[in-house]
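What follows is one structure encoded as structure tokens, with my remarks underneath.
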Amino acid sequence: MDFDVVIAGGGPNGLMLTAELRLAGARPLVLERLPERATVPKANGLAGVVARLMDARGLYEKVSGRSGPPAPTPFYMFGGLRLDLRDVPDNPMHTVLVPQTRLEPILEEHALGLGAEIRRGVTLTGFVDHGTHVTVSTDDGSEITAAYLVGCDGGRSTVRKLAGIDFPGVTDDDVVTRTANVVLPTAGPGGLPVPGHGDIQPFFFHRTTTGVFVWARLEDALTVTTMEWGDAPGEDVPLTLDELADSVKRVLGVDVPMELAVLDRPLVMRRNAGNNTRIASQFRRGRVFLAGDAAHVHAGIGGPGLNMGLQDAANLAWKLGAAVQGWAPAGLLDTYHSERHPVASRVAMQTQSQSALLAPGTKVTALRTLFEELLESVDVRQHIVDTMSGNDTRYFESDHPLVGRLAPEMSVTTTDGVVRLAELRRTGRPLLLDPSGLGAVADGWRDRVDVVSGDGPALLIRPDGFVAWAGDSADGLVDALTRWFGAPTA
């Protein structure tokens, strides 16, 4: 076998997956059709519990440019409605303003440092699943054999189409989005002053009865985006500054002075007609898997894309690594679909809800008024921010409130001093926190499970950060070790 896993697509999800596979002891190969990284910005940051995944791999300071652990943001938005999170008891919403053009080199350096191989300018053109392995064909005439294939190749995934996996969902044909890098001469520290609207803050969706206006400060430029409902020019008609300015005037009712930015990279200048919400019917078929946009697409409201895709990678990689290493228990690979598909459905639900709250018309305005009243409740805001961030994900039920959920942020006092849990997870291996001398129970799994003695709760944590077992005694620990990490060594 040439490689253990072939990954089609070298974007953030493919790069994260290959790094996680290396931590899991597998030999991955990334095939990326672009000979060089794209310079036009796509995603603009991370939002949600994915920031904690970055922290657990030692990447948070690199992607955020800040020292220390992730800190929750005091404000966010839902459907353009402001969320004040300062009094939310457990605020899980972490945000990192990092453009994809800077995130990808960080993830690539991380993957290459772990020994991954990336081939650029190579496109997957076909594959055959032999039942025992996969043969991948490429446009340069190569044939590559691997145990598994993962499609991280976007919403129009070739892997998904060749695998014959359905992509059901809905398309909102009447939504037109326009975005461009601009200069806003009147923008200042207090926001963008617009007559009749006050100071519009950056990044927050400003909705009127005719559409939505957003402006944002990115690393090297400002962007303006509008959303309208109606017809759009054909795809062969390029967006112009005049078209964007006219759209802004229709949404806000007034002119907003703007000029095209001058940058040392291609300008963002795009118009998108239609908005897709689709989820693959299967995230696994045989030895073929889907992750990121290949598995699910949805509106970008609230920044769910990378939050979803990078966690797909973390969930799938250790399971594939276990299969490659030979200790995966029966059915482990099937849990990728059973765990991540419901999460995708929930993201589709909340992004469609936000889209509905942004739609034009007086009926939606009335709904927003009612919704704003509901947001006065801290319990409502907690529920919404848990949903948006992914903090409400529970992969499986248990009598213990932590089991099946993402492990809480905590510090552990060990013989080496006080250590954050995120720092203990840098190896990407399963972890048993053992304050009560239970480690002997796990002796048969020491080849694949790290055991750390110290204070705090007794927790068995999967490589993706989710709690597999918790308790005050050894009851159920052997069952959990066997369920997730296979039979003990003799």
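Count residues from 1 along the sequence.
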* Gap between atom CG of L46 and atom OG1 of T95 - 0.5 Å precision -> 9.0 Å
* Structure fact -> To the nearest 0.5 Å, atom CG of L421 lies from atom CG of L431 at 6.5 Å
* Check the pair E235 / R270 against salt bridge (Lys or Arg N to Asp or Glu O under 4.0 Å), numbers first and verdict last. => CA-CA 10 Å; E235 293 183 359; R270 60 174 175 254; over 6 Å; no
* salt_bridge(E376, R381) N-O dist < 4.0 Å -> no
* **Basic-acidic side-chain contact under 4.0 Å: R420, D55** => yes
* Asked: Would R57 and E20 pass as an ion pair if we require N to O under 4.0 Å?
  -> yes
* Asked: How many angstroms lie between atom CG of L424 and atom CG of D450, to the nearest 0.5 angstrom?
  -> 9.0 Å
* Asked: Considering all heavy atoms of both residues, which atom of G80 and which atom of R368 are nearest to each other, and what is their separation?
  -> O-NH2, 3.6 Å
* Rounded distance (nearest 0.5 Å) linking atom CE of M77 with atom CG of L358 -> 8.0 Å
* Asked: Side chains of D172 and S355: donor-acceptor distance under 3.5 Å anywhere?
  -> no
* Asked: Any luck finding a side-chain donor-acceptor pair between R52 and Y60 under 3.5 Å?
  -> no
* Asked: Can you find a heavy atom in the side chain of F396 that is under 4.5 Å from one in the side chain of V403?
  -> yes
* To do: Start with the C-alpha distance between N272 and T177, add both sets of side-chain angles, then the distance that settles side chain to side chain donor-acceptor pair (under 3.5 Å), and finish with yes or no.
  => CA-CA 5 Å; N272 295 321; T177 304; 5.8 Å; no
* Asked: For residues R405 and Y395, is any side-chain donor paired with an opposing acceptor at under 3.5 Å?
  -> no
* Interatomic spacing from CG in L59 to CD1 in I106 - rounded to 0.5 Å -> 8.0 Å
* Asked: With a 4.0 Å cut-off, would you call R462 and E339 a salt bridge?
  -> yes
* Asked: Does R27 use its side chain to pair, donor to acceptor, with the backbone of V5 at less than 3.5 Å?
  -> no
* Could you verify whether a donor N or O on one side chain and an acceptor N or O on the other, from H296 and D312, lie under 3.5 Å apart? => yes
* Looking at F75, does the NZ or CZ of R82 lie under 6.0 angstrom from its six-membered ring centre and within 45 degrees of the ring axis? -> yes
* Asked: Are a donor atom and an acceptor atom from the side chains of N307 and Q311 found within less than 3.5 Å of each other?
  -> yes
* Structure fact -> salt bridge (Lys or Arg N to Asp or Glu O under 4.0 Å) pairs touching residues 342-356, sequence neighbours excluded, are R346-D392
* **Note: E423-R426 ion pair, threshold 4.0 Å (strictly below)** => no
* Asked: Do the rings of Y148 and F289 sit parallel, tilted or perpendicular, given the 30° and 60° boundaries?
  -> perpendicular
* To do: Could you pull out the closest heavy-atom pair between V183 and L260, with the gap in Å?
  => CG2-O, 4.2 Å
* **Carboxylate-amine/guanidinium contact E32 R37, below 4.0 Å** => no
* To do: Kindly say whether L252 contributes a backbone atom to a donor-acceptor pair with the side chain of H197 at under 3.5 angstrom?
  => yes
* Structure fact -> To the nearest 0.5 Å, atom CE of M269 lies from atom CG of N181 at 9.0 Å
* Side-chain H-bond candidate by donor/acceptor type, T171 with R278, under 3.5 Å -> yes
* **Pair R119 + E117: basic N to acidic O under 4.0 Å** => yes
* Less than 6.0 Å separating the ring centroids of F283 and H341? -> yes
* Mind checking whether D84 and P74 have side chains closer than 4.5 Å, heavy atoms only? -> no
